[in-house]
Amino acid sequence: MIVAPSILSADFSRLLEEVKEVEKYGAQFLHIDVMDGHFVPNITMGPMIYEKLKPQVKMTFDVHLMISDPHFYAKEFVRAGADYLTFHYEAVNNPGEMITYLQSLKVKIGISVKPGTDIKVLEKYLPDLDLVLVMSVEPGFGGQSFQTQALEKIAYLQNKKQNFGYRYLIEVDGGINEGTAGLCKEAGAEVLVAGTYIFKASNRKAVIQGLLDL
Ligand code: DX5
Ligand code: ZN
């Protein structure tokens, strides 16, 4: 299992230490939640926040754009060190065009869907994706409860992946904890994003190890 701590729940006054700690415990991805106050009713961080972390961290930078104009900002997020750049299906008029643009930026390409979006809308884009991010909460805030319809979406993606040999990773984000992580794994998830569960834990090492061992 790939574990992706979401820095949304980290202590930003000690960001590098927080990130180094989860890296030390074996997390492979660093999940970076970008919110613009427009696509979602919350504002978080831009590329300058992680640009300076990048040279000091070995984890894969997994940037989740919850913004209304991902096309306009994509280049800057790649320049600052995104390894995977994920945009929301609901934020763009033409996902195919966005994929072509991201291919030109030489970044790994992810698409995310909100809980209310049918996963089948992604069908024709699946061959071109490096990652599909299934939202198991409404994007915008950490600490919400897992919505179980995500499990069917994960299973759909795993099924397509096996039948067609697609390369994308299946990632799930929102409400991951000791109860929901196993369900996601069983459904076919390959990357677990966890914010509250990791950063608010009294024993972060044990929590990360538990997820890695699923
Ligand atoms: C929510 C973000 C998530 C968030 C998850 O919009 O995309 O990555 O940090 O937080 P938890 O794990 O607390 O649900
Ligand atoms: Zn996220």
Side-chain angles (χ1 to χ4, degrees), residues 4-16 18-19 22 29-54 57 59-99 101-102 105 107-119 121-122 125 129 131-147 149-150 153 171-176 191-200:
S6 164
I7 58 171
L8 194 59
S9 297
D11 176 351
F12 274 74
S13 70
R14 304 170 46 252
L15 190 55
L16 181 61
E18 295 274 86
V19 168
V22 295
F29 280 24
L30 188 67
H31 188 79
I32 299 164
D33 285 308
V34 178
M35 306 185 190
D36 65 354
H38 189 258
F39 181 73
V40 290
N42 195 8
I43 299 175
T44 57
M45 63 197 104
M48 68 174 72
I49 302 288
Y50 65 82
E51 182 176 2
K52 292 293 196 300
L53 295 176
K54 182 70 181 173
V57 175
M59 282 182 285
T60 297
F61 279 32
D62 171 33
V63 177
H64 177 193
L65 297 179
M66 288 161 274
I67 64 178
S68 294
D69 196 349
H71 190 280
F72 183 80
Y73 293 102
K75 201 173 185 172
E76 189 52 25
F77 282 99
V78 174
R79 194 199 56 75
D83 296 298
Y84 283 82
L85 195 61
T86 297
F87 67 91
H88 264 270
Y89 172 83
E90 302 85 0
V92 297
N93 292 324
N94 189 336
E97 227 171 67
M98 184 65 188
I99 288 169
Y101 178 56
L102 292 179
L105 297 181
V107 66
K108 291 212 191 303
I109 302 167
I111 299 190
S112 184
V113 285
K114 297 208 257 185
T117 301
D118 190 338
I119 193 68
V121 299
L122 298 186
Y125 308 112
L129 299 177
L131 182 142
V132 181
L133 172 51
V134 175
M135 288 306 299
S136 40
V137 299
E138 210 49 58
F141 299 91
Q144 304 179 73
S145 299
F146 185 85
Q147 298 186 26
Q149 76 267 39
K153 296 181 181 180
E171 181 176 53
V172 56
D173 182 6
I176 296 298
V191 187
L192 298 176
V193 177
T196 313
Y197 183 47
I198 290 175
F199 283 105
K200 309 290 185 212

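When reading the values below, keep in mind they use all heavy atoms of this one structure, side chains included, and skip hydrogens, waters and symmetry mates.
- Using a 4.5 Å heavy-atom threshold, the side chains of F39 and E90 count as touching.
- Distance check: L53 CG to L16 CG gives 6.0 Å after rounding to the nearest 0.5 Å.
- When all heavy atoms of L102 and A74 are compared, the pair lying nearest together is CD2-CB, 3.8 Å.
- Residues D173 and V191 form no side-chain contact, since every pair of their non-hydrogen atoms from C-beta on lies 4.5 Å or further apart.
- Between V137 and G175, the shortest heavy-atom contact is CG1-N, 3.9 Å.
- Put simply, the side chain of V22 reaches to within 4.5 Å of the side chain of M59, judged on heavy atoms.
- Closest heavy-atom contact between F61 and G81: CB-O, 3.5 Å.
- Between the side chain of S136 and the main chain of F146, no donor-acceptor pair closer than 3.5 Å is present.
- I32 has its side chain out of reach of F77: every pair of non-hydrogen atoms, C-beta onward, lies at least 4.5 Å apart.
- I111 is not listed as a side-chain neighbour of V132, based on a closest heavy-atom distance of 4.5 Å or more.
- For the pair S9 and I198, the minimum side-chain heavy-atom distance is 4.5 Å or more.
- A donor-acceptor contact shorter than 3.5 Å is absent between the side chain of S6 and the backbone of G195.
- For I109 against I99, the heavy-atom pair with the smallest separation is CD1-O, 3.7 Å.
- In this structure, K153 contributes its side chain and P115 its backbone to a donor-acceptor pair below 3.5 Å.
- Here the straight-line distance linking atom NE2 of H64 with atom CG of L131 works out to 10.0 Å at 0.5 Å rounding.
- Under the 30°/60° scheme for interplanar angles, the aromatic rings of Y84 and F29 are found to be tilted.
- Atom CE of M66 and atom CD1 of I43 lie 13.0 Å apart (nearest 0.5 Å).
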(request) Take E171 and V193 through the test side chain to side chain contact (heavy atoms under 4.5 Å, CB included) and record every step on the way to the result. (result) CA-CA 7 Å; E171 181 176 53; V193 177; 3.4 Å; yes
(request) I would like to know whether L65 and H88 meet side chain to side chain contact (heavy atoms under 4.5 Å, CB included); could you show each step before the answer? (result) CA-CA 7 Å; L65 297 179; H88 264 270; over 6 Å; no
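- Counting heavy-atom neighbours within 6.0 Å of Y73 OH, excluding the residue itself, gives a total of 12 or less.
- With rounding to the nearest 0.5 angstrom, the NZ atom of K54 is 9.5 Å from the CG atom of L30.
- Residues H31 and D33 bring a donor and an acceptor atom of their side chains to less than 3.5 Å of each other.
- Surrounding NZ of K114 are more than 12 heavy atoms belonging to other residues, nucleotides or ligands, all under 6.0 Å away.
- Counting non-hydrogen atoms of other residues, nucleotides and ligands closer than 6.0 Å to CG of N94 gives a total above 12.
- In this structure, E18 contributes its side chain and I7 its backbone to no donor-acceptor pair below 3.5 Å.
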(request) Dump the intermediate steps for side chain to side chain contact (heavy atoms under 4.5 Å, CB included) on V172 and L192, then the final yes or no. (result) CA-CA 5 Å; V172 56; L192 298 176; 3.5 Å; yes
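- Taking a cutoff of 4.0 Å between a charged side-chain nitrogen and a carboxylate oxygen, R79 and E76 qualify as a salt bridge.
- The shortest non-hydrogen separation linking V92 to P70 is CG1-CG, 3.6 Å.
- Across all their heavy atoms, V134 and A150 have their closest contact at CG1-CB, 3.7 Å.
- With rounding to the nearest 0.5 angstrom, the CZ atom of F141 is 4.0 Å from the CG atom of N42.
- A heavy-atom distance below 4.5 Å is not found between the side chains of D69 and H38.
- Between S112 atom OG and F87 atom CZ the span is 10.0 Å, to the nearest 0.5 Å.
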(request) Begin with the C-alpha distance, continue with both residues' side-chain angles, and end with the deciding distance and a verdict on side chain to side chain contact (heavy atoms under 4.5 Å, CB included) for I49 and L15. (result) CA-CA 9 Å; I49 302 288; L15 190 55; 3.7 Å; yes
